[in-house]
Amino acid sequence: MKTLSPLNSSNPCLLKTHFLKVPIFNPIFKFKPLPHNTHHARIAKVPSFTMNSKLKSSQDINNTGKKSVSQKIVLSETSPPPLAVDKDGINGGSGSESVPVSSKKKGGVSGLAKKLSKKVLQILSNLSLAIGEMFTIAALMALGTVIEQGEAPDFYFKNYPEDHPVLGFFTWRWVLTLGFDHMFTSPVFIGMLALLGASLMACTYTTQIPLVKVSRRWAFLHSAEAIRKQEFSDTLTRASIEDVGTLLMGAGYEVFLKGPCLYAFQGLAGRLAPIGVHISLLLIMVGGTLSAAGSFKGSVTVPQGLNFVVGDVLGPTGFLSTPTEAFNTEIHVNRFYMDYFESGEVSQFHTDLSLLDMDGKEVMRKTISVNDPLRYGGITIYQTDWSISALQILKDNEGPYNLAMAPLQINGDKKLFGTFLPVGDINSPDVKGISMLARDLQSIVLYDKEGKFAGVRRPNSKLPINIDGSEIVILDAIGSSGLDLKTDPGVPTVYAGFGALMLTTCISYLSHSQIWAIQDGTSVIIGGKTNRAKMEFPEEMNRLLDKVPEIVESSSSQQVDTITSG
């Protein structure tokens, strides 16, 4: 007796030809032969017959001008094999049967450990616990922005005293004991991150991976009642299950045929995406922990022309901080200069840096500025500040002399630097001299020993000025570059985690749809379900089913039937 043959579609639009009779073409899917169980056989035996017919779509029923297409359909008289319940609970029948489970019990330490691990996984994968962990981490992060980080203990003694506790109980003891002065490397914060990571892994292991395993299996339903119980179901009279499969393939479904039964799915990536989301979150937390506990940071202000060693500036931020060979690099400040607006305000400042190895050989040179750092060997050097370190002058054609400039406190955020040139006896207790002030590297304002304004000179102008009997020439204003150095081994991991999180979050919105169908005589019973787009799925199915050709008897067949009956 012949069975339904696999579809050989000649439609060039159908690129995927997984419409099969034997499930061996896709290695990611697993199909297990199922034992025969006559309890689930619900389809009556159909006698074998041959019928000459033509295929018509719903749009061609009323159009008799087109040439009919004759096709031979052979139906099997044998009942389809039933689907038993597998270990994951996929049932092709009523769902009342169960697979016998081995009743062997392992005793001793291994059995106790297995029960304990199962209980721990059940607790960690609890959704309420995970939500509580996230809220706790968010609260600690907010607290870390309120409490000043990285200050000396005296600062917390002063700002969080025991005689005037914040909120009536919060004192410096809380801050220093719990490590809230370095919140993001404190045991409390890192412990909460570890607990949330364990919850994510437990949820992935106990929930997401089993769902993917179930979704990867071919799940033929051999019962019309089971198909009608799906979220969407319909019955097509005078239709072929192979025509249904052809249309589903054209709509992007992976289609599999076994006897009179059909299984199709699409959007398996939507089932895999939640696992990707969990992995992305774990990457972000691991990268954040590496950044907080494994970095080095440091700041330095270097006058033009001087050197410093990277390792002398950088300090560890946590217990995972490990120095590298790049810490032995020596950095020389070749030049520091500024750009100005037309109003005279500073618009940008630049530093020309040379990096020297231990042998004094230049390995890299770059001019950095704000938002344009230098990166070398995992170390990033930022331009963050500036100052004036010294004035170079001639006095009565003698020198040059370097006068150190000191920052002065003024109201607002403006900068002002000053120096002093003694006049007369420098050992006198009431020594007086010439004062020099500068806001930037453009001009120097000079005052006599009585504090009266004497004039303004530009560096490198070589224009002398006479003050209190002394001739002063401003040769140069030497700037200092303010640099921030840091290493952050967690940045690549955090970037990778956020990139994967955006991608997998978008993929998780894809619907995973499954469709089952069975040939019942000349009718096709079809049903399906989806995990998302619950409203759109029935509309999509109705549009597809409207295109299924209807099997109608040809006129020659009707004449043969009439002669036979006569």
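This chain uses plain numbering: 1 for the first residue, then up along the sequence.
For the pair Ile518 and Ile227, the minimum side-chain heavy-atom distance is below 4.5 Å. With contacts defined as side-chain heavy-atom distances shorter than 4.5 Å, the pair Met285/Leu196 qualifies. Residues Thr204 and Ile209 meet the side-chain proximity criterion, which asks for heavy atoms closer than 4.5 Å. Taking the side chain as every heavy atom from C-beta outward, Pro373 and Gln383 never approach each other to under 4.5 Å. For the pair Tyr205/Leu121, a side-chain contact is recorded, criterion being any heavy-atom separation below 4.5 Å from C-beta on. Using a 4.5 Å heavy-atom threshold, the side chains of Phe256 and Leu262 count as separate. Annotation: side chain of Val494 is not in contact with side chain of Leu283 (no heavy-atom distance under 4.5 Å). With a 4.5 Å cut-off on side-chain heavy atoms, Gln266 and Leu248 do not count as touching.
Contact between Cys261 and His222 at its shortest, heavy atoms only, is SG-ND1, 3.4 Å. Residues Ala269 and Ile507 share a closest heavy-atom pair of O-CG2, 3.5 Å. Between Tyr253 and Glu540, the closest heavy-atom pair is OH-OE2, 3.7 Å. Counting all heavy atoms, side chain and backbone alike, Gly377 lies closest to Thr324 at O-OG1, 4.2 Å. Across all their heavy atoms, Leu178 and Val188 have their closest contact at O-CG2, 4.2 Å. For the pair Pro260 and Ile241, the tightest heavy-atom approach, listed with the atom from each and the gap, is O-CD1, 3.1 Å.
The backbone N or O of Ala202 lies less than 3.5 Å from no partner atom in the side chain of Ser125, so there is not a single donor-acceptor pair. Distance alone, capped at 3.5 Å, is enough to place a donor-acceptor pair between the Thr145 side chain and the Ala142 backbone. Checking side-chain atoms of Arg532 against main-chain N and O of Ser508 turns up a donor-acceptor pair under 3.5 Å. Between the Trp174 side chain and the Phe169 main chain, a donor and an acceptor come within less than 3.5 Å of each other. In terms of modelled atom types and a separation under 3.5 Å, the side chain of Thr317 and the main chain of Ser295 share a donor-acceptor contact. Judged purely by atom type and a 3.5 angstrom limit, Asp520 has no side-chain atom pairing as donor or acceptor with the backbone of Ser523. A distance-only check finds no donor-acceptor pair linking the side chain of Gln122 to the backbone of Leu124 [under 3.5 Å]. In terms of modelled atom types and a separation under 3.5 Å, the side chain of Thr505 and the main chain of Met502 share no donor-acceptor contact. At distances below 3.5 Å, not a single donor-acceptor pair connects side-chain atoms of Glu133 with backbone N or O atoms of Gly197.
Going from atom NZ of Lys529 over to atom OG of Ser511 covers 13.5 Å, rounded to the nearest 0.5 Å. Taking CZ of Phe220 as the reference point, atom CG of Leu257 lies at 7.0 Å (rounded to 0.5 Å). Between the OG atom in Ser280 and the CG atom in Leu282 there is a gap of 8.5 Å [rounded to 0.5 Å]. For the atom pair CG of Leu501 and SG of Cys506, the computed distance is 9.5 Å after rounding to the nearest 0.5 Å. With rounding to the nearest 0.5 Å, the separation of CD in Gln230 from CD1 in Ile525 is 12.5 Å. Atoms OH and CG, on Tyr376 and Leu485 in that order, are 13.5 Å from each other to the nearest 0.5 Å.
The stretch residues 486-501 participates, sequence neighbours left out, in these side-chain hydrogen bond (donor to acceptor under 3.5 Å, both in side chains) pairs: Ser291-Asp488.
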Can Glu242 and Ser240 be said to form a side-chain hydrogen bond (donor to acceptor under 3.5 Å, both in side chains), step by step? CA-CA 5 Å; Glu242 294 185 353; Ser240 169; 4.8 Å; no
Verify side chain to side chain contact (heavy atoms under 4.5 Å, CB included) between Arg543 and Glu539, making sure each step is shown before the conclusion. CA-CA 6 Å; Arg543 285 195 300 269; Glu539 298 177 1; 3.9 Å; yes
List the steps and the verdict of side chain to side chain contact (heavy atoms under 4.5 Å, CB included) for Asp484 and Ile381. CA-CA 6 Å; Asp484 275 4; Ile381 304 175; over 6 Å; no
Please assess Lys119 against Ile123 for the test side chain to side chain contact (heavy atoms under 4.5 Å, CB included), listing each intermediate value before the final yes or no. CA-CA 6 Å; Lys119 185 66 176 177; Ile123 294 174; 4.2 Å; yes
Does the side chain to side chain contact (heavy atoms under 4.5 Å, CB included) test come out yes or no for Trp516 and Gln514, once each step is laid out? CA-CA 7 Å; Trp516 295 270; Gln514 296 174 283; 3.6 Å; yes
Give the intermediate values and the outcome of side-chain hydrogen bond (donor to acceptor under 3.5 Å, both in side chains) for residues Glu254 and Tyr263. CA-CA 8 Å; Glu254 295 280 348; Tyr263 172 67; over 6 Å; no
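Of the candidates Thr530, Leu545, Ile515, Leu545 is the only one forming a side-chain contact (heavy atoms from CB on, under 4.5 Å) with Phe232.
Ring planes of His512 and Phe265: tilted class, angle from 30 to 60°. Ring geometry, Phe180 versus Phe170: the interplanar angle falls under 30°, so the pair is classed parallel (tilted spans 30 to 60°).
For Lys534, the NZ atom is densely surrounded, since the number of other residues' heavy atoms within 6.0 Å is greater than 12. Counting non-hydrogen atoms of other residues, nucleotides and ligands closer than 6.0 Å to CD of Gln149 gives a total above 12. No more than 12 heavy atoms of other residues, nucleotides or ligands shown are found within 6.0 angstrom of CZ on Phe135.
Looking at Lys366 and Asp372, a side-chain N of the basic residue comes within less than 4.0 Å of a carboxylate O on the acidic one, giving a salt bridge.
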